[in-house]
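Computed from a predicted model, the values in this text were never measured in an experiment. The chains referred to below are lettered A, B, ... by the order of the sequence lines, with proteins before strands, and numbering in each begins at 1.
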Amino acid sequence: MRYWWVNQNQTYRHEVEGGYLWSPKRKANGHSNPFYDFMREVKPGDVIFSFANTQIRAIGVAQSYAYEAPKPIEFGEAGAYWDKIGWRIDVRFQPLRLPARPSEHMSRLARYLPVKYAPLRPNGSGLQSVYLTMVPEDFAAELIDILGAEAHSLVNAIRLSATDSGHDTSAIGLVQWEEHELHRVQSDTTMTSTDRLAIVMARRGQGLFKQRVNRIEKACRITGVDRLEHLVASHCKPWRDATNEERLDGENGLLLTPSIDHLFDRGFISFEGNGRLIVSPVAHEESLSRMGIDTRSPQTVGRFSNAQQVYLEFHQENVLLKSRYLET
DNA sequence: CCACGCGCTGG
DNA sequence: CCAGCGCGTGG
């Protein structure tokens with residue numbers, strides 16, 4: 001379980017009442033922004049401190065991993081320059097009956113501020129450049145102490161339930177966004193109904209797309225299963241992000257057995273161009289091992305073609321659940 | 001309430 | 001250099 005800080009001056013009301021976090025994927029000029037990238041490092045059960053108008057006003061618990069979602073319409077003019085598509089995380093927020101102002105407690109907090117990606121300056125002032133950022137455990141402990149009894153019991157309850165069992169509800173949001181794209185394809189009268197059907201079937205890794213992938217890939221790269229009835233054609237560049245051409249491009253697919261397809265589709269694993277398996281640091285190792293993936297020693301599954309590598313790079317950058325803090 | 005500009009951080 | 005979910009100020 002980790003602790004996060006979110007600046008919500010512009011969207012506090014919508015995000016807390018709506019029960020979510022939302023960020024663009026990139027800055028307006030197209031460059032990446034670490035404070036948006038952090039969205040993909042959040043795990044269900046993580047604790048989120050909500051900061052708005054110089055105060056910590058709410059504490060939240062993540063209920064999902066980040067998934068792609070349109071900008072909430074309720075934002076209105078707030079963040080008008082943000083892109084229409086971004087990352088969303090379901091969060092259960094609890095507004096605090098007694099908000100606290102961190103700037104009044106810097107004598108206790110300052111020593112725990114990280115050198116990089118800190119949510120506050122040493123004088124307690126916030127930073128415009130920050131959206132979401134991780135806070136160290138000792139900083140969080142101090143902050144919880146400052147917030148008082150309500151925060152204490154809240155976070156204790158979260159800690160207890162975190163050790164119980166799963167919270168994974170993120171598939172719901174993904175489906176919601178894909179529905180939107182699906183509807184667009186189905187109502188696109190510039191294509192024949194055959195083309196539309198092929199594109200719709202490609203979403204489930206079946207039909208023409210699967211045939212095309214099968215010309216390049218003969219078996220699941222992890223399990224070695226080669227019977228088509230047990231294989232799904234999984235997109236490297238996800239169906240929802242791809243053009244219609246890319247949705248049907250055989251180089252954009254891998255044949256995988258269902259549980260491996262799930263891990264790849266949801267970003268728990270990815271592959272390098274040379275075939276090396278990448279395991280996300282947020283993945284549950286024992287589950288992976290039970291699904292047939294050896295997480296102890298490095299695995300390779302065979303080199304990929306140049307065209308496949310381009311799609312796999314997209315997967316690594318946009319689907320894989322990364323963790324900056326677990327890299328060295 | 002909103003708009004502006006001053007800061008500073010990170011790429 | 002540029003861009004960013006802050007902050008105080010002034011209307």
Peer 1: Can you tell me how far apart CG (D226(A)) and CD (E217(A)) are? Round to the nearest 0.5 Å.
Peer 2: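 CD of E217(A) is found 12.5 Å from CG of D226(A).
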
Peer 1: Round to the nearest Å and state the distance from N9(A) atom CG to dG8(C) atom P.
Peer 2: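 Taking atom P of dG8(C) as the reference, CG of N9(A) is at 10 Å.
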
Peer 1: Which listed nucleotide (dG10(B), dT9(B), dC5(C)) is nearest to the side chain of Y81(A)?
Peer 2: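 My answer, after comparing the listed nucleotides, is dC5(C).
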
Peer 1: Phosphate oxygens OP1/OP2 of dG4(C): is one of them under 4.0 Å from a side-chain N or O of N33(A)?
Peer 2: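 No, outside the criterion.
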
Peer 1: Just N and O in the side chain of K116(A): are any of them under 4.0 Å from OP1 or OP2 of dG11(B)?
Peer 2: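 K116(A) to dG11(B) OP1/OP2: side-chain N or O found under 4.0 Å.
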
Peer 1: Classify W5(A) by what it touches in the nucleic acid, base, sugar-phosphate, or nothing, heavy-atom distance under 4.0 Å.
Peer 2: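 Nothing: the residue W5(A), judged by heavy atoms under 4.0 Å, touches no strand.
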
Peer 1: Taking only side-chain nitrogens and oxygens of Q10(A), does any of them come within less than 4.0 Å of OP1 or OP2 of dG6(C)?
Peer 2: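 Answer is yes, contact under 4.0 Å.
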
Peer 1: Would you mind reading off the distance between L120(A) atom CG and dC7(C) atom P, rounded to a whole angstrom?
Peer 2: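 Distance, rounded to whole Å: 8 Å.
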
Peer 1: Just wondering, do L197(A) and L208(A) contact through their side chains at under 4.5 Å, heavy atoms?
Peer 2: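 No, their side chains stay 4.5 Å or more apart.
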
Peer 1: So, does the side chain of S125(A) form a donor-acceptor pair with the base of dC7(C) at under 3.5 Å?
Peer 2: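 Answer no: no donor N or O sits under 3.5 Å from an acceptor.
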
Peer 1: Which part of the nucleic acid, if any, lies within reach of V6(A) when heavy atoms closer than 4.0 Å are counted: base, sugar-phosphate only, or nothing?
Peer 2: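 Nothing: the residue V6(A), judged by heavy atoms under 4.0 Å, touches no strand.
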
Peer 1: So which nucleotide does dG7(B) pair with, by the Watson-Crick or G-U wobble rule with both distances under 3.5 Å?
Peer 2: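 Its partner is none (no Watson-Crick or G-U wobble pair with both distances under 3.5 Å).
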
Peer 1: Fit a plane to each ring of F271(A) and F304(A), take the angle between them on a 0 to 90° scale, and name the class: parallel (under 30°), tilted (30 to 60°) or perpendicular (over 60°).
Peer 2: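 Ring orientation of F271(A) relative to F304(A): tilted.
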
Peer 1: NA contact type, F51(A), heavy-atom cut-off 4.0 Å: base, sugar-phosphate, or nothing?
Peer 2: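 Here F51(A) touches the backbone only, sparing every base.
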
Peer 1: Identify which nucleotide among dT9(B), dC5(C), dG8(C) has an atom closest to any side-chain atom of T54(A), counting heavy atoms from C-beta outward.
Peer 2: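 Side chain of T54(A) sits closest to dG8(C).
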
Peer 1: Whole angstrom is fine here: how far is it from CZ in R121(A) over to C1' in dC6(B)?
Peer 2: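 Spelled out: CZ on R121(A) to C1' on dC6(B) is 10 Å.
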
Peer 1: Between atom CD in Q128(A) and atom P in dG7(B), what is the gap in whole Å?
Peer 2: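 One finds 14 Å between P of dG7(B) and CD of Q128(A), rounded.
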
Peer 1: Whole-Å distance between dC5(C) P and K27(A) NZ?
Peer 2: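 Rounded to whole Å, this separation is 10 Å.
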
Peer 1: Can you find a heavy atom in the side chain of F93(A) that is under 4.5 Å from one in the side chain of S50(A)?
Peer 2: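 Result yes, sub-4.5 Å side-chain heavy-atom pair found.
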
Peer 1: Without decimals, in angstroms, what is the distance between Y12(A) OH and dC5(C) P?
Peer 2: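 Taking OH of Y12(A) and P of dC5(C), I get 19 Å after rounding.
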
Peer 1: How close or far is atom P of dG8(C) from atom CG of N123(A), stated in whole angstroms?
Peer 2: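 Going from CG in N123(A) over to P in dG8(C) covers 10 Å.
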
Peer 1: Consider the side chain of P34(A), meaning its heavy atoms from C-beta on, and name the nucleotide among dG11(B), dC5(C), dG6(C) that approaches it most closely.
Peer 2: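 Looking only at heavy atoms from C-beta outward on P34(A), the closest nucleotide is dG11(B).
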
Peer 1: Can you tell me how far P of dG10(B) sits from CG of N29(A), to the nearest Å?
Peer 2: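 Going from N29(A) (CG) to dG10(B) (P), I get 17 Å.
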
Peer 1: When you measure from the centre of the six-membered ring of Y20(A), is the NZ or CZ of R88(A) closer than 6.0 Å and no more than 45° off the axis?
Peer 2: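 The answer is yes, since R88(A) meets both limits relative to Y20(A).
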
Peer 1: Applying a 3.5 Å limit to both distances, which nucleotide forms a Watson-Crick or G-U wobble pair with dG10(C)?
Peer 2: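 Paired with dG10(C), as far as the under-3.5 Å criterion goes, is dC2(B).
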
Peer 1: Within the pair Y36(A) and dG4(C), is there a side-chain N or O less than 4.0 Å away from OP1 or OP2?
Peer 2: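 So the side chain of Y36(A) is outside the cut-off, no N or O lying under 4.0 Å from OP1 or OP2 of dG4(C).
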
Peer 1: Working note: Y3(A) + I144(A), criterion side chain to side chain contact (heavy atoms under 4.5 Å, CB included); need CA distance, chi angles, decisive distance, verdict.
Peer 2: CA-CA 11 Å; Y3(A) 298 92; I144(A) 290 161; 4.2 Å; yes

